[in-house]
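Residue numbers count from 1 along this sequence. Hydrogens, waters and symmetry mates are skipped; everything else that's a heavy atom, side chains included, is used.
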Amino acid sequence: MAAARCVRLLLRPRRYPLLSCPLRTSPRLLCIATQQKSTGQNLEDDQSQSQNKPKAEPMSAEKIFIEEKAKLEEQLKEMTDKYKRALADTENLRQRSQKLVEEAKLYGIQSFCKDLLEVADILEKATESVPKEELKDENPHLKNLYDGLVMTEVQIQKVFKKHGLLKLNPVGAKFDPYEHEALFHAPMEGKEPGSIALVSKVGYKLHGRTLRPALVGVVKES
């Protein structure tokens, strides 16, 4: 009996008064729902506006790229200019060095030539001091000595010419201060003023450069 009663109680339908009552809406819940709805609408509006706005980030990146490009081009121009200047300086230095080497080859014997000029002067004076009337067969010793001096002088002039040393004997030429040194000025009839009337000592040029100026007398106007 007790068991049957328990079964009947379990099978009997129950009523839940809380569920059967209609739900009452709270004003606070309505306010919260309204705020959430408005917030959602604002978010949607912000998203749509952000999509419609022009993209600023790519523009700023492009501007930075242009500025960097201009800086690099300026640096490239500056480096190119420095490279060209350095190249020109190097070429000028090479040319100057080459010129110095060539001049050293040409004029390295300058001091040696100056010493030999004294020997040539002595030979020239020796041949000029011999009286021409004494050069006869009756005086063979003097004649042979004179011939030997002349041959030596000719040979030494050939050696000078071989090494670029040329003799300057400018009688009748126009006075040139780069090649001649005036010892005196004197009026002379039949001579052009400014010309050389007398050469006291011959000069020499080494490869076109005056090694020793000729000592001369210059004609002046009377």
*Has the side chain of N139 got a donor or acceptor atom that lies under 3.5 Å from a matching backbone atom of L135?*
no
*With a 4.5 Å limit on heavy-atom distance, are the side chains of P187 and K220 in contact?*
yes
_Those residues that, when tested against D121, pass side-chain hydrogen bond (donor to acceptor under 3.5 Å, both in side chains) (two or more places apart)_ = R212
*May I ask you to decide if K205's main-chain N or O and T210's side chain share a donor-acceptor pair within less than 3.5 Å?*
no
*Heavy-atom side-chain contact between P193 and E221 under 4.5 Å*: yes
*asked:* Could you check whether any side-chain N or O of N144 sits under 3.5 Å from a backbone N or O of P140, counting only pairs where one atom can act as donor and the other as acceptor?
replied: yes
*salt bridge (charged side-chain N to carboxylate O under 4.0 Å, His left out): pairs with one or both residues in residues 97-108, sequence neighbours excluded*: none
*Under 4.0 Å between a Lys/Arg side-chain N and an Asp/Glu carboxylate O for K77 and D81?*
no
*Which residues share a side-chain hydrogen bond (donor to acceptor under 3.5 Å, both in side chains) with E91, sequence neighbours left out*: R94, Q95
*Taking side chain to side chain contact (heavy atoms under 4.5 Å, CB included) as the test, write out the residues that go with N169, two or more places apart.*
V171, V199, V202
*Under 4.5 Å between side-chain heavy atoms, hopping through other hydrophobics if needed: is there a path connecting I156 to V150?*
no
_Other members of the hydrophobic cluster containing F184, with the 4.5 Å side-chain heavy-atom rule, please._
L183, L198, L215
_For Y83, the rest of its hydrophobic cluster, which grows through side-chain links under 4.5 angstrom_ = L87
*Shortest non-hydrogen contact from G203 to A214?*
N-CB, 3.5 Å
*For K161, look at atom NZ and say whether over 12 heavy atoms of other residues, nucleotides or ligands are found less than 6.0 Å away.*
no
_Qualifying side-chain hydrogen bond (donor to acceptor under 3.5 Å, both in side chains) pairs, either residue in residues 183-202, two or more places apart_ = none
*Check ring pair (Phe, Tyr, Trp, His ring centres under 6.0 Å) between Y146 and all other residues, then give those that pass, not counting sequence neighbours.*
none
_ILVMFWY cluster, L166 and I109 together (side-chain gap under 4.5 Å)_ = no
*Considering only heavy atoms from C-beta outward, does the side chain of H141 approach that of L145 to under 4.5 Å?*
no
*Spacing of CD belonging to E179 relative to CD1 belonging to I196, to within rounding of 0.5 Å*: 9.0 Å
_The test is salt bridge (Lys or Arg N to Asp or Glu O under 4.0 Å); show your working for K82 and E78 and say whether it passes._
CA-CA 6 Å; K82 289 182 179 180; E78 184 179 355; 3.5 Å; yes
*Considering all heavy atoms of both residues, which atom of V218 and which atom of A182 are nearest to each other, and what is their separation?*
CG2-CB, 3.8 Å
*Would you list the pairs meeting salt bridge (charged side-chain N to carboxylate O under 4.0 Å, His left out) in which at least one residue belongs to residues 140-159, sequence neighbours left out?*
K143-D147
_Are V119 and M151 linked, directly or through intermediate hydrophobic residues, by side-chain heavy-atom contacts shorter than 4.5 Å (ILVMFWY only)?_
no
*Hey, can you tell me if Y107 and H207 have their rings parallel, tilted or perpendicular (30° and 60° cut-offs)?*
perpendicular
*Any chain of hydrophobic side-chain contacts (each under 4.5 Å) joining Y204 to L168?*
no
_Taking F112 as the starting point, is it possible to reach L117 by hopping between hydrophobic residues whose side chains are less than 4.5 Å apart?_
yes
_How close do H180 and F175 get, counting heavy atoms only, and between which atoms?_
CB-CE1, 3.6 Å
*asked:* Can you list everything that forms a side-chain hydrogen bond (donor to acceptor under 3.5 Å, both in side chains) with E124? Sequence neighbours excluded, please.
replied: none
*asked:* Tell me every residue that passes side-chain hydrogen bond (donor to acceptor under 3.5 Å, both in side chains) with Q110, counting only those two or more places apart in sequence or in another chain.
replied: none
*Could you pull out the closest heavy-atom pair between L211 and C113, with the gap in Å?*
CD2-CB, 3.8 Å
*Cluster partners of V219, using ILVMFWY side-chain heavy atoms under 4.5 angstrom, listed by chain and number?*
M188
